[in-house]
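Accompanying notes for the structure given below.
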Amino acid sequence: MSNKKKEFFLVRWLKRCFLGDRSEISLEDEEKIQTPMRAMVQSFVHKPLAMLGLIVFLAIFVFVIVGPHYWPLDLSDQDASLTNLPPSNDMMSVPKELLETGIADIASGNTYGIGTDVNGNLYMWGHTRVTDKIDMADIPQEVLDADLTYIAAGTDHCVAVGEDGQVYVWGNTRLQQDKFSSDMTKAMKKGGDAWDVIQLEASNQFSAIVTSDGNLYLWGNGNMADIKLRSKYEGKIAKVALTENEYIALLTDGTVAYTGYKDKNSPFAKIPAELKGKTVVDIASTSKSVAAITEDGQIVVWGNATKGEADVPELSSKPVHLYGGRYHYTALLENGDVVSWGNNKYHQIDVPDAVNSADNIERIFVSNYQNYALGSDGKLYTWGLKGFTLGTDSLGRDMLTRIVNGGRVTMTVGAISVVIATILGVLFGGLAGYFGGHLDIIIMRIAEIVGGLPFIPFAMILSAVIGTRLDPTQRMYLIMVVLGVLSWVPTCRLVRAQILAQREMEYVTAAKAMGIREGTIVFRHILPNVVSLLIVSMTLDFATCMLTESTLSYLGFGIPLPTPTWGNLLNGANNSIVIQQYWWQWVFPALIFGICTICINLIGDGLRDALDPKALER
């Protein structure tokens, strides 16, 4: 036979075995040669609900298995500045009207942005609610009516300065964010050179203004931040950079100094030796570090630079200006390039290629997690945190990341538990059903004792007693074993009942007559004939084990936080505040878990119907 004929024959054989070639055989002939597995598959695929359940379940399965590679989990991750954020994707959605009119200034808080156009009009975007009752979008009318020259955005408040020198504060003002110092009030009333504002900054519950005569004015929550200035530095301030609760100053003589009162305990007070004897041209700060550019182009970072802020990359040109976010820096170079470094959790240092290819970047505006670059042609480029697709939890953790990684844990626990329960159930059920007698009595009495245990309370007690001595990973293994050991009884009874019926069949008698060993008859001859029921049972048990694990985690006796599971993600749903105000923290985990469980049950029902001979009758 030639190779072409062999290939043709092989293709026809595979087509007949697996796809069916109805053009060549009649319906009656097809039914005669149809295998049980092929009949089951054909019956299953013709059940719309079962196929829908299979497709959706496979999509969820791939999502939670592949997803962690794109949304990696950091168990130590938490950020107090991003807590309880709803689903959003508009944190850098600058209004079209501002772009068309012309951008004069941009400032950003943690999750929102404000900007002014060339006419002094104010615009706002992003998630503007900073507390349950305070919304930054509630801008006072006097601010909207003013012609603004400077704006700044803090953690929970905004500050603006009008053309007439008037200072406006809105947002959270319960911690003296709007209470000006006496020196500042006097300077505002005096006006003229005494109140010629050249810089406005806002940080965590405090703000700062630098005037052209070298004076620095700080106000806000003095219990939280260092808002004092040593008298020897009065009239010598050229620029100021605010950290989370302190500040550093660039003096008019080109040196950097810590001008506050916490110099003994502050990590910023000890100025690096690299800056001594050099002229500093610009300074910037992150939440816990500060940086300076020297006249010869060197960038020096000091403080608590724990997020990579001190890892300054090689620069293609001399840096001209420096800007700081929460954990990253952005620099504008002499050749027009823009470089960012530091923490990149939200892609805040991934400068778009379009920015460096523009060659006309004039100004950069940097906030905690967002970056804005403005070209001379008025075009605006953005990069950084746009929002959270499924929101954040009470610790500022991304819900999408936790749902993806939690699903992998929940599915793994459910699958391993089912495997353990099935192995125990098949072993004990096979022995009890085939051999009977005293062995059957002993096994079934043990099964009745295990089956009579109150499942959830017993699992909770066992987990509480043993689990306190284990780390989260060991506790996860414990949950798998507990679920498997306590879930084998239904499988055992199912297998026993089927084997009691099968052991009287002729093929079993023939196997005994041939001298085949008893164990081989049970597990290699009888068991394959009941495997179809086992598949259905395992499918339904998988959903049950997932629900049980989630129930234990929801009650606080399963896999502990911070390791996420779909169960402990729902733990917050027993809080009325979470249910009413932070719906996304329980709706999305409950939704994906409920869909997954329903799909598994639909698959199980479809398999059960497909494996039922009566259901296959035409």
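Since the model is a prediction, treat every value here as computed from it, not as a measurement.
- Scanning both residues, Val159 and Ser207, for their nearest heavy atoms gives CG2-OG, 3.3 Å.
- Residue-environment remark: CG (Asn360) exceeds the threshold of 12 foreign heavy atoms within 6.0 Å.
- For the 3.5 Å distance criterion, the side chains of Asp105 and Thr116 fail to qualify, holding no donor opposite an acceptor.
- For an aromatic pair to be called close, the ring centres must be under 6.0 Å apart, and Trp566 with Phe588 fails this.
- A donor atom on one side chain and an acceptor atom on the other are not found under 3.5 Å apart for Asn304 and Thr306.
- By the neighbour-count criterion of 12 heavy atoms within 6.0 Å, atom NZ of Lys345 is densely surrounded, having more than that number from other residues, nucleotides or ligands.
- Classification of the His321-Tyr323 ring pair by plane angle, with boundaries at 30° and 60°, yields tilted.
- Tyr346 and Phe388 have their aromatic ring centers within a separation under 6.0 angstrom.
- Gln370 and Ser367 form a side-chain donor-acceptor contact under 3.5 Å, judged by distance and modelled atom types alone.
- For the pair Ile361 and Val355, the minimum side-chain heavy-atom distance is below 4.5 Å.
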Q | side chain to side chain contact (heavy atoms under 4.5 Å, CB included) evaluation trace for Ser289 with Trp302 | A | CA-CA 6 Å; Ser289 72; Trp302 71 102; over 6 Å; no
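- Remark: the Ser81 side chain and the Tyr369 side chain contain an N/O donor-acceptor pair separated by less than 3.5 Å.
- Contact annotation: the side chain of His157 never approaches that of Thr173 to less than 4.5 Å [non-hydrogen atoms, C-beta and beyond].
- Aromatic rings of Trp584 and Tyr582 (six-membered ring for Trp) have centroids within the 6.0 Å cut-off, being under it.
- No donor-acceptor contact under 3.5 angstrom links the side chains of Arg230 and Tyr261, judged on distance only.
- When the side-chain contact (heavy atoms from CB on, under 4.5 Å) test is applied to Asn119, the partners found at least two apart in sequence or on another chain are Thr101, Asp117, Asn121.
- For the residue pair Asp74/Ser76, the side-chain donor-acceptor check at 3.5 Å is satisfied.
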Q: Report the C-alpha distance between Asp79 and Arg397 in whole Å, list the side-chain angles of each, state the deciding distance to 0.1 Å, and finish with yes or no for salt bridge (Lys or Arg N to Asp or Glu O under 4.0 Å).
A: CA-CA 7 Å; Asp79 194 332; Arg397 299 173 296 193; over 6 Å; no
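- No hydrogens or angles considered: a donor-acceptor pair under 3.5 Å links the side chains of Asp350 and Asn344.
- Within the 4.5 Å cutoff, the side chain of Tyr123 has no heavy atoms near those of the Leu99 side chain.
- In this structure, the side chains of Trp170 and Ile134 stay at 4.5 Å or more apart for every pair of heavy atoms.
- Annotation: Tyr217 is in aromatic contact with Trp195 [ring centroid separation under 6.0 Å].
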